[in-house]
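The structure under discussion appears below in the form of structure tokens.
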Amino acid sequence: MSDISLEDIASLAKRRGFIYQGSEIYGGLAGTWDYGPLGVTLKRNIVNAWWKFFVESRDDMYGIDSAILMNPKVWIASGHVAGFTDPLIEDTKTKKRFRLDHLLEDAGVDVKGMDLAAMVAAVQEKGLKSPDGNDLANPASFNLLFQTNIGAVEDEASTVYLRGETAQGMFTNYRNIIDSFYPDVPFGVAQVGKAFRNEISPRDFIFRVREFEIAEFEYFIHPDKWEELFERWRTQMHKWCEEVLGLPADKVHELEVPPEDRAHYSKRTIDFEFDFPFGKKELYGLAYRTDFDLLNHQRDSGKNMEYRPKDGSAPFVPHVIEPTFGVDRTLMAVMCNAYTEDQIGGEKRVYLKLPKDLAPVKACVSPLLKNKPELVSKAREVYDMLKRELGAVMWDDNGNIGKRYRRQDEIGTPACVTIDFQTLEDGTVTVRNRDTAEQTRFKVEELKEHV
RNA sequence: GCGGGUGUGGUAUAACGGUUAUUAUUCCAGUUUUCCAAACUGGCGACGCGGGUUCGACUCCCGCCACCCGCACCA
């Protein structure tokens with residue numbers, strides 16, 4: 001198989017109605033992408049599979065869907081207003097930008113609690129130069145949280161943030177879940193939804209974007225159990241990748257994130273990386289968030305975040321294990337992994353070897369010839385029946401049969417059902433397999449078990 | 001944000017400072033076709049946006065936008 005490029009994927013994604021550039025008719029908006037009919041179905045199938053795997057099939061998981069706009073105090077308590085900000089400073093000669101706090105730390109300055117002005121003062125005091133040896137100027141804070149305003153007046157009191165992660169919705173609802181469901185610890189609160197980050201430079205198609213979907217859960221535990229439960233979720237995440245998404249184990253890698261690279265809330269983090277066409281890049285994260293968030297919210301909200309075990313043992317503020325899954329990245333990994341080229345009848349063929357459960361179209365129904373009314377009407381019957389059964393079924397009578405097969409190959413449809421003259425005689429149809437191109441005859445009545 | 005590259009129908013592309021912007025494919029309507037992108041006929045469809053130079057700009061210049069590559073960033 002030849003190497004595939006991002007352009008191959010992006011081109012197919014657009015041509016076949018998976019993903020379009022956001023705001024395309026106005027020249028686009030960097031870091032935004034729109035999902036077309038097949039893309040949204042594929043994404044929804046992935047999300048549904050995730051929900052089933054991590055939420056529905058378990059009895060310790062509680063799903064929620066919290067608001068994207070939250071009281072700004074949430075983001076102050078979580079540390080995102082302060083911690084999600086990068087102070088950047090510019091090399092006056094090369095115009096390169098550097099993390100001001102990193103430069104100061106390298107120079108032996110303790111930057112904790114310093115604001116931008118204090119850091120700039122420290123630069124002057126130390127006579128600090130850029131790593132390239134030039135003068136530094138134009139410091140600026142760069143916060144990854146998008147801001148907007150509630151109400152008509154744009155003042156500080158009306159500033160709210162678009163959530164930079166969905167996790168905070170789980171923390172702010174932690175007490176609600178306990179009051180409604182009185183679960184035993186450990187238990188999890190799960191959510192799938194949009195998050196927003198004002199990335200400096202969006203990159204690599206839908207990989208790094210400013211608006212994206214996250215599926216994640218906060219698993220509330222007793223702190224004594226963190227290592228054991230961390231391992232359990234680590235295993236489950238691999239299982240998800242391999243068994244549900246069909247990603248080969250040798251394409252999914254773990255990266256133990258060193259302390260200096262971890263998020264402000266994390267005591268241990270493992271990144272799950274995938275071999276994308278553009279390199280080995282982060283797909284998922286598994287973080288031990290400790291009691292960082294609940295303690296912060298307890299402090300700032302004044303609400304008690306302790307959990308009281310039913311056996312009467314000592315109350316405690318639970319710690320949290322957080323597996324987090326980029327949905328768009330998952331879709332991209334699945335598409336890249338599914339993209340396959342081979343030869344059929346001497347002709348090159350491109351097809352998406354998608355797992356059946358994820359494929360946006362489950363089956364395509366065609367009459368062998370479209371100018372034979374008896375074939376067309378029989379095919380319509382079969383189509384209507386399958387459509388009722390499976391929903392995601394497509395009708396195609398365009399061109400010739402080979403063309404239709406190829407078209408379905410490109411969008412990853414696992415099965416093509418063809419109605420031919422024999423159908424009229426004995427009520428059997430052919431089912432053509434996407435991966436092998438082999439055809440098997442089945443009775444119409446048994447069809448739904450074979451597609 | 002820095003540096004480099006690219007921007008022409010849905011996709012992939014050609015050419016040109018000056019007639020109606022090339023080709024393939026897709027798509028639509030038909031003819032044909034008894035299982036893997038067959039053939040034929042007809043049709044729709046494009047110069048990223050904004051300025052400038054010029055008698056005239058898709059083409060040259062400037063700005064912007066977007067995408068790709070390298071760096072930086074990625075709590």
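Hydrogens, waters and symmetry mates are skipped; everything else that's a heavy atom, side chains included, is used. The sequence lines fix the lettering, A, B, ..., with proteins before strands; numbering per chain opens at 1.
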Just to be sure I understand the rule, does Arg404(A) reach a base, reach only the sugar-phosphate, or reach nothing, if contact means heavy atoms closer than 4.0 Å?
nothing

So what does Gln439(A) touch, heavy atoms closer than 4.0 Å: a base, only the sugar-phosphate, or nothing?
base

Considering Watson-Crick and G-U wobble pairs with both distances under 3.5 Å, what does [N] pair with?
{"N": "U53(B)", "result": "none"}
{"N": "C67(B)", "result": "G5(B)"}
{"N": "A29(B)", "result": "U41(B)"}
{"N": "C73(B)", "result": "none"}

Return the value, rounded to whole Å, for the distance between atom OH of Tyr20(A) and atom P of C67(B).
18 Å

When the distance from NZ of Lys370(A) to P of U33(B) is rounded to whole Å, what number comes out?
13 Å

salt_bridge(Glu227(A), Lys267(A)) N-O dist < 4.0 Å:
no

Could you tell me whether Glu273(A) and Lys281(A) have a side-chain N and a carboxylate O separated by less than 4.0 Å?
no

Donor-acceptor pair under 3.5 Å, [X] side chain vs [N] base:
{"X": "Ser266(A)", "N": "A75(B)", "value": "no"}
{"X": "Tyr26(A)", "N": "C49(B)", "value": "no"}
{"X": "Arg16(A)", "N": "G10(B)", "value": "no"}
{"X": "Thr430(A)", "N": "C35(B)", "value": "yes"}
{"X": "Arg432(A)", "N": "C36(B)", "value": "yes"}

Considering residues, nucleotides and ligands other than Arg441(A), do more than 12 of their heavy atoms fall under 6.0 Å from its CZ?
yes

I'd like to check Thr340(A) versus Leu352(A) (side-chain heavy atoms, cut-off strictly below 4.5 Å). Are they in contact?
no

